[in-house]
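Working notes for the structure below.
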Amino acid sequence: MPLQRSNTADKFIVDRRKPHRNSDVARAVRKTRDRLSQQAGSLDFDRELLKLHARAMVVSAVAIPLLVLAVAAIGRLAGLDSQIAIWALSTLLCYTIVAFMARRVERTEAAELDPVQTRRDFLIGHFLCGLGWAWFAWFGCATCQIDEFNVAKAMVLLIAMATTAVMASSLGGALFATFAIPVAVYVYTVMRLWTPIEATMAALLIAALPFFGYVARHLNQASLMVLSFRSEKDALIAELETAKSMSDEARRRAEDANLAKSRFLASMSHELRTPLNAILGFSEVMANEVLGPMNNPTYRDYAHDVHESGQHLLDLINEILDLSRIEAGRYQLNEEPVVLVTIVEDCCHMMELRARNKDIRIIQEFEETLPRLFADERAVRQITLNLLSNSIKFTPSGGEVRVRVGWTAGGGQYISVKDNGPGIPEEEIPVVLSAFGQGSIAIKSAEQGTGLGLPIVQGLLAMHGGEFELHSKLREGTEAIAIFPLSRVMEELPALPTKTVAARGRR
């Protein structure tokens, strides 16, 4: 026979048949890590810096042209010839070329940029603009009305230099490509006169060029830090997304496995109970010597032990199956109008013998005239019996269990079972409320349980839309409260007037 293969994906391994959701995120993580690991000057950061430079040139494209126009207008008013207008037009043309170049780079994807070519184009554009400023530095003014014309030229060059240092800080070398020649031309033109003030301005320009270069370099480093932080942020986001995807996948597999387990146990009710019923029945027949006396009393004791063990195992299986059906959503409620006081009173009578054997008093405090509750009677009985069983189990001899039924503040109804037993430590309450969870006192107790009673109570109350509260203090006792919501309380219809009833009877 050929080997049969299952078509169902294993719950505990990755399903290779479907595209894995984390692959794209993993690639993004590797990409951002590669970007982050690159040092300053890498191709990735060069492209980003070029994009930043293009953005700065586009945003501040009118700053230098406005300065050029203002200088040209003032020069014409001061008596300069038309040469200043020609200079202004040529300089504006150079800055327009740089602006269009920056616009094109800004609209291009960073991955598509050639950083070497783009950087060279930008430096050539700035160099051409620098030739315009060199022409301005060469200007003379024999007939103009400005006494200190060379000082004014130096001030204009300082303003243009400072503006360029801020605008072009993302492009290393842009400042020197633009103003190295203009500063040299200015120094050459004032050497012929070399008055103290002109010598001072020349020295100021010579000192300003490396100073503004230093400022531009620090601004460039700040831009690199911004890019590095952004890359680190992208990497962290990608890693968090990966961790979230892995967590979601693990949780989905765990939920699927838990649901499969619950469905399996819920569907195994008949297969598990049938052999246990046979064990209980036959052991009871042998223990009670229904078919005749057993000559060996040890065998009779063994039959009693088998019956008690089978009954304990059946109770455990019933609780596991009930909890599994609740978790799998296969527990069907048979809802009908019930009287909560009557059900709780019957449960107290059922547990009376067990409490009397331990010399425990069950005190009943029920509010009268409670309206009916729309609920599953079997589920309400199971809730009450579980709470009473726990209280009697852990209450010492001579203690008492107080059972109350009444109204809640929100108009619902509640069942409260309070004992004066040893209590539960506060840190162990979440453990007690979990499936198969037992506190330290329960573990030390001779009457150990399965730890499923309270989880079943919580599940049944949740199906009714109710709540469960557990309050306990060490050496003071424990109070368990099962709360049914207002929506489960049935309103009583008002009685019809006597005349109306009589009239209807005559009809």
Side-chain angles (χ1 to χ4, degrees), residues 261-328 330-331 346-362 378-379 381-399 401 417 419 421-422 432 434-457 459-460:
K261 178 265 300 179
S262 300
R263 287 175 176 172
F264 167 75
L265 290 175
S267 63
M268 289 295 290
S269 174
H270 177 72
E271 286 75 7
L272 291 174
R273 284 195 177 108
T274 299
L276 273 177
N277 288 331
I279 293 172
L280 289 174
F282 294 146
S283 62
E284 186 175 6
V285 168
M286 290 187 290
N288 295 332
E289 300 178 332
V290 176
L291 301 179
M294 299 179 67
N295 295 327
N296 192 332
T298 306
Y299 286 165
R300 186 170 58 250
D301 294 338
Y302 286 168
H304 279 292
D305 293 340
V306 170
H307 185 270
E308 291 178 359
S309 300
Q311 187 62 48
H312 177 72
L313 184 57
L314 180 61
D315 294 338
L316 173 61
I317 290 175
N318 286 334
E319 290 182 346
I320 292 176
L321 291 174
D322 286 340
L323 185 60
S324 299
R325 281 198 297 268
I326 292 172
E327 291 179 349
R330 298 182 62 180
Y331 191 101
D346 291 344
C347 293
C348 290
H349 290 322
M350 292 174 61
M351 303 298 294
E352 187 70 36
L353 179 61
R354 184 176 174 183
R356 193 178 304 161
N357 290 335
K358 293 186 63 176
D359 193 21
I360 296 175
R361 293 186 303 132
I362 297 180
R378 176 178 174 273
R381 286 184 183 275
Q382 190 169 4
I383 291 171
T384 308
L385 289 174
N386 285 358
L387 298 182
L388 283 171
S389 176
N390 278 349
S391 294
I392 294 173
K393 182 187 303 181
F394 297 108
T395 300
S397 298
V401 174
V417 180
D419 60 63
V432 172
S434 63
F436 300 100
Q438 292 182 334
S440 57
I441 296 176
I443 295 174
K444 297 176 183 177
S445 174
E447 298 186 40
Q448 296 185 13
T450 60
L452 294 176
L454 295 183
I456 290 176
V457 170
L460 293 176

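Annotation: Asn295, atom CG; neighbour count of heavy atoms from other residues, nucleotides and ligands within 6.0 Å does not exceed 12.
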Take Glu352 and Ile362, measure what side-chain contact (heavy atoms from CB on, under 4.5 Å) needs, and give me the verdict at the end.
CA-CA 7 Å; Glu352 187 70 36; Ile362 297 180; 4.1 Å; yes
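The structure places CD1 of Ile456 at 12.0 Å from CG of Leu385, a figure rounded to the nearest 0.5 Å. Taking CG of Asn386 as the reference point, atom CG of Leu460 lies at 8.0 Å (rounded to 0.5 Å). With rounding to the nearest 0.5 angstrom, the NE2 atom of His304 is 6.5 Å from the CG atom of Asn288. For the atom pair Met350 CE and Ser389 OG, the distance stands at 11.0 Å (nearest 0.5 Å). For the atom pair CG (Leu454) and CG (Asn390), the distance works out to 5.0 Å, reported to the nearest 0.5 Å.
Between Pro396 and Gly421, the shortest heavy-atom contact is CD-CA, 3.8 Å. Scanning all heavy atoms of the two residues, the minimum distance from Gly399 to Thr395 falls at CA-CG2, 3.9 Å.
Between Lys393 and Lys358, the closest side-chain pair of non-hydrogen atoms is not below 4.5 Å.
None of Leu388, Val417, Val457 except one satisfies the side chain to side chain contact (heavy atoms under 4.5 Å, CB included) rule with Ile383; the exception is Val457.
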